[in-house]
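Data first, discussion second: the structure below is written as structure tokens.
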Amino acid sequence: MFFLTTAIDYTNGSPHIGHAYEKVLADVIARYHRLAGEEVYFLTGVDQHGQKVQQTAEKEGVSPAEYVATVTARFSSLWEKIGVEYDGWAETVDPRHKTCVSAILTDLHARDQIYKKSYKGFYSVRQEQFLTDRDRNEAGEFGAEWGEVTEIEEENYYFKLSEHTPWLRDFLEKSDDTILPAFRKAELVNALEKNTGADLCISRPKDRLTWGIALPFDDDFVTYVWFDALINYISFIGYSPDPTLPEFESIWTNRPVHIIGKDILVPAHGIYWLAMLHAIGFTDEKMPQLLVHGWWNRSGEKMSKSLGNIVDPMELADTFGVDALRYYLVRDIHTGKDSNFDVERLVMLFNTELANELGNLCNRALNMSVRYTEGVISPGGPLTPDDTALQQSLIDNTAAYRKAMDNHEVSMALEAINRHVVHCNQYVDRLKPWELNKNLESKGRLATVLHHLAESVAHCAVLLSPVLPDAAAKLADQVKLPKLTELKLEDLKWGLIPDGHEIVKPSPVFPRIEIKAEE
RNA sequence: CGCGGGAUGGAGAAGUCAGGUAUCUCGUCAGGCUCAUAACCUGAAGAUCGUAGGUUCAAAUCCUGCUCCCGCAACCA
């Protein structure tokens with residue numbers, strides 16, 4: 001089983017382009033693994049507890065539960081809109097999740113992995129958090145942004161993180177494929193060096209925060225939001241058995257892939273989560289891989305609410321279509337790196353690569369078949385070097401596509417498809433089917449050429465399907481082979497189109513996006 | 001000496017780990033084709049690969065120094 005998850009989104013505001021990117025990336029990877037014939041379980045969801053949600057709900061004058069329900073609906077309707085299809089949906093307010101978190105806490109507490117300790121420090125009332133020396137300004141004082149700061153003493157529960165960090169250091173040392181891409185590993189290892197000896201505070205007193213999961217062994221506290229949220233990756237696949245959840249052992253069979261943003265690698269996933277799994281008995285062979293993606297910036301700067309440069313994916317989908325949005329989100333960024341969000345590039349990439357190159361190839365090829373051979377596709381006569389070169393291009397680029405997708409490098413996989421499409425367009429120009437049609441003796445040759453083009457379109461439709469499932473189905477419909485959508489990668493052999501297959505007059509699958517002259 | 005990422009033709013990127021004549025898309029210029037979604041194809045111009053040194057027969061790639069840009073309080077993938 002290929003078990004894939006994303007970070008669960010914090011329900012403290014509307015989804016933006018970054019949320020959409022992560023889920024589309026995960027959806028594409030999940031669909032690709034299905035296409036490769038694997039069994040896949042794709043889990044995503046929302047993180048609903050914690051102080052910030054409680055504060056925002058208060059500000060809006062509703063209960064946290066109501067607030068969270070509203071925001072959650074915005075996320076799930078976006079996923080439906082842009083074709084993100086998951087097998088499991090995680091909401092941390094779910095009682096089944098609470099049961100699992102409580103069970104884990106109880107177990108860790110019973111095994112002395114959790115202890116109670118008093119902590120004395122500087123506390124910001126406005127931000128409702130303890131401050132450290134890092135929060136001091138150049139003058140060594142806590143700045144005005146913290147409001148009133150007082151020194152208080154408070155008891156809390158701690159998880160013995162320090163007992164697991166030596167293991168984690170060794171494990172990361174040995175493992176080259178736990179943190180992907182590899183360049184992210186250094187940051188994590190560095191953070192670990194500094195973190196030695198520190199345990200993790202996993203509780204918040206109820207007089208400060210009530211919106212969370214109560215500690216099973218002390219009702220005066222709720223669970224720290226990360227210790228609650230991270231457990232979603234196992235709670236929603238039945239770590240605590242539940243008839244309405246999958247069977248845990250059938251899902252977490254080997255190393256799952258967690259797709260997360262670069263901001264939550266350190267310390268949350270890279271340290272806390274791996275240490276938590278280790279503490280509850282997961283072996284090295286079962287440790288997840290963390291696929292860490294970069295950010296979409298605007299003009300080189302981070303997107304943020306305060307800068308007002310947030311991009312709404314729902315709006316983009318409405319304006320430019322789901323195909324253009326999905327394609328752009330995985331085409332114009334290299335997995336792991338940052339990229340600049342630019343609507344003009346979104347339109348450009350759709351128009352050139354999908355409309356002009358692939359869409360137009362499909363259209364011109366099928367049109368010629370309709371006009372010259374009454375829509376009948378047949379292999380025709382003997383092959384020439386041009387034909388074998390085209391077949392070789394398909395073989396080579398399919399291999400390149402697979403290699404890229406296996407490395408989660410979707411943009412490179414799409415480049416491979418494009419290379420074949422370009423090859424096909426060159427093939428058309430070189431062999432000029434409209435000329436072949438003029439002579440009776442070249443009719444056999446004409447059939448071969450048109451067959452090669454139709455066959456290529458069929459292959460491309462399948463290869464494109466993880467990224468653009470709807471468009472792939474439309475392409476399959478154009479070549480009148482609806483069964484294409486059921487094919488697996490291993491079925492992609494030359495000869496998808498049977499001899500004598502009939503097609504009809506095509507219509508554009510990717511109509512060009514025309515930008516209105518406004519603004 | 002806080003940590004990490006980055007600097008490659010006009011724009012955006014790949015290539016850097018495993019050194020060997022600089023790649024792709026867009027844009028610009030000039031041609032061609034007419035099957036097709038004013039789409040397609042061909043050719044050209046344009047890069048001292050941030051900078052100064054070093055290693056090497058050979059450096060965008062390895063080593064050292066320096067400069068500049070972006071993240072690391074909050075909102076936040």
Side-chain angles (χ1 to χ4, degrees), chain A residues 6-10 12-13 15-23 25 52 56 124 126-127 129 131 134-137 142-143 145-146 176 181-184 186-188 190-191 193-194 259-266 292-297 299-308 310 331-334 336-340 342 344-345 348-349 351-372 409 411-412 415 418-419 421-422 424-437 446 449-450 453 506-514:
Chain A
T6 70
I8 49 175
D9 298 311
Y10 199 57
N12 190 34
H16 57 66
I17 198 75
H19 296 105
Y21 167 54
E22 183 175 280
K23 271 61 190 178
L25 175 64
K52 282 175 244 166
T56 310
S124 159
R126 182 194 291 175
Q127 296 295 335
Q129 69 179 74
L131 306 179
R134 263 195 63 186
D135 299 316
R136 293 177 191 271
N137 58 25
F142 296 113
E145 72 269 24
W146 299 111
D176 286 328
F183 70 81
R184 292 277 174 215
E187 201 177 346
L188 178 56
N190 263 325
E193 294 301 325
K194 285 188 188 166
I259 300 185
I260 60 173
K262 63 179 185 177
D263 57 325
I264 51 175
L265 171 64
V266 181
V292 185
H293 64 75
W295 279 357
W296 285 97
N297 298 321
S299 314
E301 285 184 318
K302 184 175 167 177
M303 268 185 214
S304 71
K305 286 182 184 171
S306 57
L307 286 174
I310 297 274
R331 175 69 184 88
D332 210 28
I333 191 167
H334 285 84
K337 299 200 172 183
D338 288 0
S339 189
N340 271 309
D342 184 344
E344 285 180 24
R345 287 187 61 83
M348 183 273 280
L349 285 165
N351 281 347
T352 57
E353 297 184 351
L354 291 176
N356 296 352
E357 291 173 7
L358 175 58
N360 185 51
L361 172 69
C362 173
N363 211 46
R364 69 196 300 209
L366 300 187
N367 242 298
M368 287 190 280
S369 291
V370 169
R371 290 179 54 163
Y372 303 156
E409 259 291 4
S411 65
M412 288 184 168
E415 277 177 21
N418 288 335
R419 277 198 297 275
V421 170
V422 168
C424 289
N425 276 319
Q426 291 168 335
Y427 176 85
V428 173
D429 270 57
R430 183 201 253 280
L431 298 178
K432 302 182 174 52
W434 50 93
E435 298 277 332
L436 297 175
N437 184 49
L446 175 65
V449 170
L450 294 179
L453 294 172
S507 61
V509 172
F510 302 107
R512 285 176 63 83
I513 298 172
E514 305 297 345

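Chain letters run A, B, ... following the sequence lines, proteins first, then strands; residues in each count from 1.
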field: Qualifying salt bridge (Lys or Arg N to Asp or Glu O under 4.0 Å) pairs with a residue from residues 356-371 of chain A, counting only residues at least two apart or across chains
entry: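 Only A/Arg364-A/Asp429 qualify under salt bridge (Lys or Arg N to Asp or Glu O under 4.0 Å).
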Would you indicate what [X] reaches in the nucleic acid, counting non-hydrogen atoms under 4.0 angstrom: base, sugar-phosphate, or nothing?
X        : result
A/Lys23  : nothing
A/Gly261 : sugar-phosphate
A/Met348 : sugar-phosphate
A/Ala7   : nothing
A/Arg371 : sugar-phosphate
A/Asp263 : sugar-phosphate
A/Ser411 : nothing

Can you tell me how far [atom2] of [N] sits from [atom1] of [X], to the nearest Å?
X        : N     : atom1 : atom2 : result
A/Glu22  : B/C76 : CD    : C1'   : 12 Å
A/Asn360 : B/U37 : CG    : P     : 7 Å
A/Leu358 : B/A39 : CG    : P     : 16 Å
A/Lys262 : B/C3  : NZ    : C1'   : 13 Å
A/Leu361 : B/C35 : CG    : P     : 16 Å
A/Leu453 : B/C41 : CG    : P     : 13 Å
A/Trp295 : B/G4  : CH2   : P     : 17 Å
A/Ile513 : B/A39 : CD1   : P     : 14 Å

Nucleotide nearest [X] when distance is taken to its side chain, options [options]:
X        : options             : answer
A/Arg364 : B/U37, B/C35, B/A77 : B/C35
A/Asn12  : B/C35, B/C3, B/C75  : B/C75
A/Lys305 : B/C41, B/A36, B/C75 : B/C75
A/Asn425 : B/C35, B/C40, B/G71 : B/C40

Phosphate-side-chain proximity, [X] and [N], N/O vs OP1/OP2 below 4.0 Å:
X        : N     : answer
A/Asn190 : B/G4  : yes
A/His19  : B/A77 : yes
A/Lys302 : B/C72 : yes
A/Arg512 : B/A39 : yes
A/Gln426 : B/C40 : no
A/Asn356 : B/C40 : yes

Where do [X] and [Y] come nearest, in terms of heavy atoms and distance?
X        : Y        : answer
A/Leu450 : A/Ala365 : CD2-O, 4.2 Å
A/Phe510 : A/Leu354 : CD1-O, 3.3 Å
A/Gly294 : A/Asp338 : CA-OD1, 3.4 Å
A/Ala7   : A/Ile260 : CB-CG2, 4.2 Å
A/Pro508 : A/Asn363 : N-OD1, 3.9 Å

query = Under the salt bridge (Lys or Arg N to Asp or Glu O under 4.0 Å) test, which residues partner A/Glu344, sequence neighbours left out?
reply =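 Salt bridge (Lys or Arg N to Asp or Glu O under 4.0 Å) list for A/Glu344, sorted by chain: empty.
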Checklist entry - What residues form a salt bridge (Lys or Arg N to Asp or Glu O under 4.0 Å) with A/Glu353, not counting sequence neighbours? => result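 Salt bridge (Lys or Arg N to Asp or Glu O under 4.0 Å) list for A/Glu353, sorted by chain: A/Arg331.
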Taking the [atom1] atom in each of [N] and [M], what is the distance between them to the nearest angstrom?
N     : M     : atom1 : answer
B/G9  : B/U61 : P     : 15 Å
B/C68 : B/U51 : C1'   : 10 Å
B/U25 : B/C41 : P     : 9 Å
B/G46 : B/U28 : C1'   : 9 Å
B/C62 : B/A7  : P     : 12 Å
B/A47 : B/A60 : P     : 16 Å
B/G20 : B/A58 : P     : 14 Å
B/A73 : B/U8  : P     : 27 Å

For [X], what residues pass the side-chain contact (heavy atoms from CB on, under 4.5 Å) criterion, not counting sequence neighbours?
X        : value
A/Lys305 : A/Ile310
A/Ile333 : A/Tyr21, A/Trp296, A/Ser339
A/Arg419 : A/Asn397, A/Ala400, A/Glu415, A/Ala416
A/Glu187 : A/Arg184

Stem list for RNA chain B, please, built from Watson-Crick and G-U wobble pairs under 3.5 Å and keeping only runs of at least 3.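 The stems are B:2-7 with B:67-72, B:10-13 with B:23-26, B:28-32 with B:40-44, B:50-54 with B:62-66.
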Q. Do the numbers put A/Lys262 on top of the ring of A/Trp295, so that NZ or CZ is under 6.0 Å from the six-membered ring centre and no more than 45° off the axis?
A.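 Yes, A/Lys262 lies over the aromatic ring of A/Trp295.
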Handout entry: With sequence neighbours excluded, residues passing side chain to side chain donor-acceptor pair (under 3.5 Å) with A/Asn367
Key =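 A/Lys505.
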| task | Please identify each residue that fulfils side chain to side chain donor-acceptor pair (under 3.5 Å) with A/Tyr372, with sequence neighbours left out. | result |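 Counting only residues at least two positions away or on another chain, A/Tyr372 forms no side chain to side chain donor-acceptor pair (under 3.5 Å).
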Next item on the list: Assign each of A/Trp296 and A/Asn363 to its nearest nucleotide of RNA chain B by heavy atoms, then name whichever residue's nucleotide is nearer the 5' end.
Entry: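 The residue mapped nearer the 5' terminus is A/Asn363.
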Nearest-nucleotide 5' precedence on RNA chain B, A/Thr352 against A/Arg184
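Its nearest nucleotide being more 5', the pick is A/Arg184.
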Give each protein N/O atom lying under 3.5 Å from an N/O atom of nucleotides 8-19 of chain B, with the pair distance.
{"residue": "B/A14", "atom": "OP1", "partner": "A/Lys337", "partner atom": "NZ", "Å": "3.1"}

Would you tabulate the pairs of protein nitrogen or oxygen atoms and nucleotide nitrogen or oxygen atoms of nucleotides 29-34 of chain B closer than 3.5 angstrom?
{"residue": "B/G32", "atom": "N2", "partner": "A/Asp429", "partner atom": "OD2", "Å": "3.4"}

